[in-house]
Amino acid sequence: MSLFLLLSVLLPLLAAIGGGVLRIEGRTWGPVGAIGSLVALVLLVIVEALGEREHAWLSGPDGLDLEHWVRSDLLSNCLLALVFVVGSIVLSFARRYLYGDTRIDYFYRWSSILLSATALMSCAVDIRLFAACWTVSGAAVLALLRMYPRHPGTTEGVKRALLAFTFGDAALWAGALLASHACDGPPCGSGPVTYVNLSSSAISLLLVVAAASRCAAFPFQWWLPKTLASPTPTSALLHAGVVNAGGLLLVRFSGVFTASASGVVLIYILGFLSAIYGSLAMRLRADVKGSLVFSTIAQMGFMLMTCGLGLYAATIFHLVTHGMYKSSLFLGSGSAIEHERRHRAAGSNAQMSSMARTLTATCALFAPLMGAAAAIALMTSIGPEALHPSIPLLTFVCSTAAWFTWAWLKRKMSLQRYLAAAVVAIIATSLYIFAIEFFTIYLDRDIPSPQNAVPPWVLIASIVLMVLAMWATTGTKVSTGKFQRQLYVWVMRSAGTSVRGRKIQLNTKKFQTEAG
Amino acid sequence: MMNSESIPPLTPMMKIEIVVSGGRAKAVHELIRQAGATGYTSLSGVSGLGHHGQHQGQLLFNEQENLQMLITVVPHGKAGPLITSLRTLLEDIPGVMFVSETSVSRSEYFT
Amino acid sequence: MDKIDSDRTQVAEFRANVLAVADTVAPYWPIDSFIAVNPLSGFEDQQFREAIDSATRFYGIRGTLRLQDYQLLVKSGRIKVEDIKIELIANKSQLKDSSSEAVGSLKATAIDLALIDLLHGPASKEPISRSILTRSECINKDLAVTIDNLTSEWCSSYYGSAQWRNPFSEEGFYNAWRNTASVDHTLPKKVRRVIGACHAQSDVNALRSLEVLRIERSEVRDYICAVLTRIRGWAGYIRWASEHGQDASLMDLVAVWLCYESAFVEGDPSLETLWRDQQHDKHDDDSRLLTERARAAVQRIDPSPSVADFNAARRVLEEVSELDRRYILQLALERGYYSELFSTLEKGSQNAEDNIPSAQLVCCIDTRTQRIRQAVKQAAGIETLGFAGFFAAAIRYRRLGEQATSDQCPALISPRNYVEEKFEESTSRAVRGRVKSGQLTLAAGEDGFTNAKYSLMPSFSLAEISGVPAAVLSAFKTSLPYQYSALRTKARNMIRPSVPTTVDIFSGYTFEERCAFAETALTMMGLVDRFSRLVVFTGHGSTNENNPYSASLHCGACGGNEGSPNARVAATTLNDPAVREFLNTRGISIPDTTWFLSAEHDTTTDSVRILDSDIAPASFAGEIATLMADLDVASSIARNDRVKDLPGASIGRRKSPRREVLARAHDWAQVYPEWGLAKNASIIIGPPEWTSRIDIQPRSFVHAYNSSLDESGAVLENILTAPVVVAQWINCQYYFSTTDPEIFGSGTKTVHNAIGGVGVLSGFEGDIRVGLPLQSVSDGSMNYHEPVRLMVVVQADLNLTKDIVDRNAVLKQLVYNQWVLFTARESCQDEWFRLTSSGWRPNSYISVEGTRK
């Protein structure tokens, strides 16, 4: 770990301090800090790739041993790329988007602190430093959520985030202190550690609680939706960066976290519940940002599931790509009206006969399966050791390709169009498989294999449940059944405005007697 | 003079005519529908002179200001509530209502 | 039996009551066809000032700027002290009576004292709040907010277009709600039980709720208003929907709200007592403020005043209430603008031009066309005339290959003809096929993405697949917006080539209709002789990205759409020889040497694009080329002028105005693509020879009207009842969005959360927001829009004009209740007169000394 890395990671923070001291507008220094970090890190990667690690100016001064605290490895590089790519985009976007806003400097100050804290957290290998960055970034988020103190939704949003963060931070700090107490020598990195049994499951569970709270996963799904009272760039940062910290925590300290099977099982269950609940609510909400929020909850759930399965490469891959995906969806959320207009202009599909439906659906399913089969065959021919346990995750990419092809063919079915779709689906599926395989091999150097993991067959069972849930909410006749109607009301109200959280009890005594 | 025997049997009904501006006609439609009337007839672009002075008939580019006349026929049982509701509505907005006895030959059309 | 009858009558009466007060909330057009409305349209039967007063009771609005804002405007010189004095004397005659005497022993008259109070007095610190409240508001504010949120959430799930369709929706708004809310696990058991026992008819149930809430008969109307104004967004939307043939009723909405309220507060002991003295005693606050004001004013004259002087001053200031102060300053602000306007109008003397200009541009009356009109006149001597941007073609329009239609006409009328965009006849089969399949491909691709994005399993891998490309595109869009957009257009054109099209007027209109339309349009425009070689109908639209309020920047006369289809319809019709032959028989002879063109003015970039120039006869090619060149010059003049006002524009050596506006128009991060109709303040109706000679600021709508061609006043009547009414809607929309940005404006754009096809929320929950966003009227630190009531300026026969106003209820209200100010003169040589409820009066906005700056 070099001083140079540390400096570039802290550049946004330094820019914020400099800007504050010199009284320069946030519009000027804000984007500079983020983009500067990105450029510096790219340079660093190039220099390192050239094998010139030993340059004196790159390492710290003598006697300053940073290695135990922070480390630059492949995992941190991935995360830094996410933080600063999204950070640069969002902070440049905000230059125009928040122009004239009386709180623009406030936004830049706290978002720069947030970026630096998150970036430093990505490099932290000491769990105490990690926890410190975690708390600072949480505080920065709370500050960002308070950007418009007079907005009617702000108070509740901040209150809920504060509550969730308090739980999570308390759990993390307890886990961190216990963990660093339990292992001697250099504070626990990600290497496998052995503890006394009792504390190992306690620590593992504490980390799970911390991760779930930051990821807005079950049972902490209630804080994220109410954060929408802050401006779009804040949402973009929050959904792209902050919520991912939970995944990072579990992967970085997987040695600690997987020491106990109960923690692993718990995170899988929480992830699965969040994935289902978030997806249902995403489909139900008519407002674009509300829909995106619940989509994030679902995606975080999926990420935690991969974590529980011990597929850390998939976790990191999902975390990074989803961050980029969601931030751009948030920034572009103003186009929802135009999308809806275009959708109406394009009109609905022509009615299909049931025969045509079946045919189209079969075709749609066939293409991605072929792609997956081809890719697996190719890899097996290279050698069975190339086959990674992440193969069951291919179901998801196949479903995406099939779903896409289905919608594509529904407009008009023809051989030509099918072939076009099939070629794209096959290429996309196999490319994706290669990408994730490559990513796995690349990352595995830095992440040890898990001591405990949920067996892959559980994933298959989960997938079956997901398919059922999907079926229950589509626009077909099924969706008007009794169970679906109850499910609809339950999701709508659980994901909707809150009644119980507010002090609306008028006359408590009276209520109690009436209810009793 | 027609001989009463020569008139085929007719059913007595109430006829209600309302004149309001085009922008308000929708409210009247709603009241008529909710009173259980089976239909109404509307004439647009009527003009005249009244309580509020001269009323222009047809404006080219402002349909909301054009006066409309709505005519509906209901059985006596339904007339009471409808008249009350129309009267309440007309307390606030400019317009007139005429109520008269009428007869129809095919009463099933109106009930 | 009697009981049932009386119940039925009571219910019917209640229904009528709801309908009668429905216009307390203005209708809300869905945001994709944003139509400006006066949020106080239901109060137009009152004088402007009284309307503000009564609207304050319902909405808690201010209705004017804040006192501090006016005082800042005085400091900056925007409001002149002498104007304040004039308005003070005119509005507070009781002060004037004692104007010569000093107050107490002070060296100041009552007027002086009041003036000092207006200029330097402290503002009220109490927030303005409404006084007509619902029971739940009196009992617990949070409860009322919760009910609003619950109701709004139901509306959004019923009217929104989510992927998971509401499985109850077929049962109708009210019954579907009943079935949902009665099993809502988040509600307290007691509330659920009450909802479960609801009557199946919304009106009956609403009446029951009112009984539970102890609402007396005389109170019912106010109470319904109190409910409607709490959820004005959805109430407005439902009002719009019910007036546009959809199945929606305010009664259902009111019933839902009341049912929640009664279920929550039923049996609360405070119901019997608490609300009876709900009127919070404001007297203390008022009296404290008055003391502060008197002290501040007196101390400016005499640093150590006696008690008697102080009391005398207090008595004087008591005459000027809190609203009076702001209202007088508002009048002074208006006076400043009106005086400026009339001194400009004075300058232009009219002498008819005999030589026919090389081209005539018919532009929309929209204030934004003013710059380009001035520029084109200056640069090329081209004559322009203003007319409502739909060019009298009220059409329902379908774009090539699209399935949905748009209503391209002002909100005051419904479309009369259906027009489709079609391939040009010469288009080959192959090209048609390519366009069609390209369109299908684009739609299918978007379908695929949306489908996967909103599905349970596919969404996970979709995020992974599209993550990196999304980041690359976002970076590209943010750093090089225009280049990105150009590339995207190029890519789209590769899939779906853009081909020449025509608008099919022949199947949409019968021949008679076409003739009638042509005659009406030309007569209304006053364009019946002196045809130039080229007559260009110039519609307008706006280019902007990622902006829910896009429709508010398009042409209002075309129902929030681009105006080019209407322009094409008008031009195509008038180029038809058969139509011209008919017009000839009606005394309008269009020479064969005249060709009608259509064009589109992009108000964000100020470029003007000629449409369909390829179908013009070859003999016009030279002129069209010259015209295009002239328009380019005019565009850049207009642009250079306009760009100075754009917030955050960085024009320098490296960035030309053209590049600045292009980047702005395609920038997804831009919240100020253009200023829209901000600063609008007047409408000028007069001959184009006059209006084109004077330097009219882009604050005026300008409509061509030639009284000598309109002896019966039919044309003027149509202008006053349509364009003037629409201009007033726009004016009031801007006015109240500026004075009350949180109540009648939609607040800052940065927290907007769009519901497709409906509108926007601010944040996660609550009502949909009405009005214009903050970024349409203010640059954050200062209001860009100056709230000034519309000044209507007409050059026409005075008696005829007054007759027209008097025989149209809408005009009578607007003019005599001072929602607009109305001035006219008969000709250039005559004096201006102002129309008031007591007839024509000399126009007081011309200062005696003559010209002002």
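Protein chains get the first letters and strands the later ones, always in sequence-line order, with residue 1 at the start of each.
Ranking C/G780, C/P458, C/G467 against chain A, the residue ahead of the rest is C/P458, based on heavy-atom pairs under 4.5 Å. Residue with the most contacts toward chain A among C/A444, C/A404, C/A669: C/A669 (heavy-atom pairs, distance under 4.5 Å). Most heavy-atom pairs under 4.5 Å with chain A, from the set C/L774, C/L462, C/L473, C/V472: that is C/L462. The candidate from C/N179, C/V760, C/V758, C/D667 with the greatest count of non-hydrogen atom pairs under 4.5 Å with chain A is C/D667. When each of C/I755, C/I147, C/V468, C/V183 is checked for heavy-atom pairs under 4.5 Å with chain A, C/I755 comes out on top. Ranked by heavy-atom pairs under 4.5 Å with chain C, the list A/P225, A/S88, A/A229 is led by A/P225. Looking only at heavy-atom pairs under 4.5 Å with chain A, the residue among C/G160, C/S152, C/S136, C/A475 that has the most is C/A475.
One finds the CZ atom of C/F764 at 8.5 Å from the OG atom of A/S498 (value rounded to the nearest 0.5 Å). In this structure, the separation between OG on A/S291 and NZ on C/K453 is 7.5 Å, given to the nearest 0.5 Å. Between the CD atom of C/E402 and the CZ atom of A/R344 there is a distance of 11.0 Å, given to the nearest 0.5 Å. The distance from atom CD1 of C/I465 to atom CZ of A/F396, rounded to the nearest 0.5 Å, is 13.0 Å.
A distance-only check finds no donor-acceptor pair linking the side chain of A/R283 to the backbone of C/A162 [under 3.5 Å]. No donor-acceptor pair closer than 3.5 Å links the side chain of A/D287 to the backbone N or O of C/N753. Between the side chain of C/Y672 and the main chain of A/Y99, a donor-acceptor pair closer than 3.5 Å is present. Of the possible polar contacts, one joining the C/N546 side chain to the A/G334 backbone as a donor-acceptor pair under 3.5 Å is found. Remark: the backbone N or O of A/K226 is not paired with any side-chain donor or acceptor of C/E765 at under 3.5 angstrom.
In this structure, the side chains of A/T497 and C/T146 stay at 4.5 Å or more apart for every pair of heavy atoms. Contact of the A/W408 side chain with the C/T441 side chain is registered, since non-hydrogen atoms from C-beta on lie closer than 4.5 Å. A/H343 places none of its side-chain heavy atoms less than 4.5 Å from the side chain of C/T450. Residues A/V499 and C/Y260 fail the side-chain proximity criterion, which asks for heavy atoms closer than 4.5 Å. Using a 4.5 Å heavy-atom cutoff, the side chains of C/W154 and A/M492 are in contact. Put simply, the side chain of A/M324 does not reach to within 4.5 Å of the side chain of C/S474, judged on heavy atoms. At a threshold of 4.5 Å between non-hydrogen side-chain atoms, the residues C/K477 and A/L331 do not count as touching.
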Check your understanding: Hey, mind stepping through C/D447 and A/K410 against side chain to side chain contact (heavy atoms under 4.5 Å, CB included) and telling me if it holds?
Key -> CA-CA 9 Å; C/D447 275 2; A/K410 235 166 71 172; over 6 Å; no
Practice item. For side chain to side chain contact (heavy atoms under 4.5 Å, CB included), just list the numbers for C/W164 and A/L487, CA-CA rounded to whole Å, side-chain angles, deciding distance to a tenth of an Å, and then say yes or no. Key: CA-CA 11 Å; C/W164 185 2; A/L487 184 67; 3.9 Å; yes
Check your understanding: Yes or no on side chain to side chain contact (heavy atoms under 4.5 Å, CB included) for A/Y148 and C/T750, after CA distance, side-chain angles and deciding distance?
Key -> CA-CA 11 Å; A/Y148 299 128; C/T750 57; 2.8 Å; yes
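Contacts between A/R341 and chain C at a heavy-atom distance below 4.5 Å involve the side chain alone, from C-beta outward. C/T748 touches chain A through its side chain: at least one heavy atom from C-beta onward sits under 4.5 Å away, while N, CA, C and O do not. At a 4.5 Å heavy-atom cutoff, the contact between A/I463 and chain C is made by backbone and side-chain atoms alike. For chain C, no part of A/S327 is nearby; none of its heavy atoms comes within less than 4.5 Å. Interface remark: C/Y549 contributes no atoms to any contact with chain A (heavy atom separation under 4.5 Å). Neither the backbone nor the side chain of A/L409 comes within contact range of chain C; no heavy atom of the residue lies under 4.5 Å from a heavy atom of that chain. With a 4.5 Å cut-off on non-hydrogen atoms, A/V85 touches chain C through its side chain but not through its backbone. Interface remark: C/N451 contributes backbone and side-chain atoms alike to the contact with chain A (heavy atom separation under 4.5 Å). Proximity to chain A involves both the backbone and the side chain of C/S156, based on heavy atoms less than 4.5 angstrom apart. Only the backbone of A/A495 comes within contact range of chain C, judged by heavy atoms closer than 4.5 Å. Heavy atoms closer than 4.5 Å to chain C are found nowhere in A/V320, neither backbone nor side chain. Neither the backbone nor the side chain of A/R95 comes within less than 4.5 Å of any heavy atom of chain C. Interface residue C/E464: backbone and side-chain heavy atoms are both found under 4.5 Å from chain A. Using a 4.5 Å cut-off between heavy atoms, A/Q299 contacts chain C through both its backbone and its side chain. For C/L761, the part lying near chain A is the side chain, with the backbone staying farther off; criterion is any non-hydrogen pair under 4.5 Å. When heavy atoms are compared at a cutoff of 4.5 Å, A/W406 approaches chain C solely by way of its side chain, counted from C-beta outward. For C/K749, the part lying under 4.5 angstrom from a heavy atom of chain A is the backbone only. For C/N166, the parts lying near chain A are the backbone and the side chain together; criterion is any non-hydrogen pair under 4.5 Å.
Remark: C/E545 does not engage A/R96 in a salt bridge, criterion side-chain N to carboxylate O under 4.0 Å. Between C/D184 and A/R493 there is a salt bridge, with a side-chain nitrogen of the basic residue lying less than 4.0 Å from a carboxylate oxygen of the acidic one.
Taking the six-membered ring for Trp and thresholds of 30 and 60 degrees, A/H318 and C/F460 have ring planes more than 60 degrees apart, a perpendicular arrangement.
Looking at A/T232 and C/H752, their side chains never bring a donor and an acceptor atom within 3.5 Å of each other. No hydrogens or angles considered: a donor-acceptor pair under 3.5 Å links the side chains of C/S161 and A/E340.
Of all heavy-atom pairs between A/M282 and C/S455, the closest is CE-O, 3.9 Å. Residues A/R411 and C/A443 share a closest heavy-atom pair of NE-CB, 3.5 Å.
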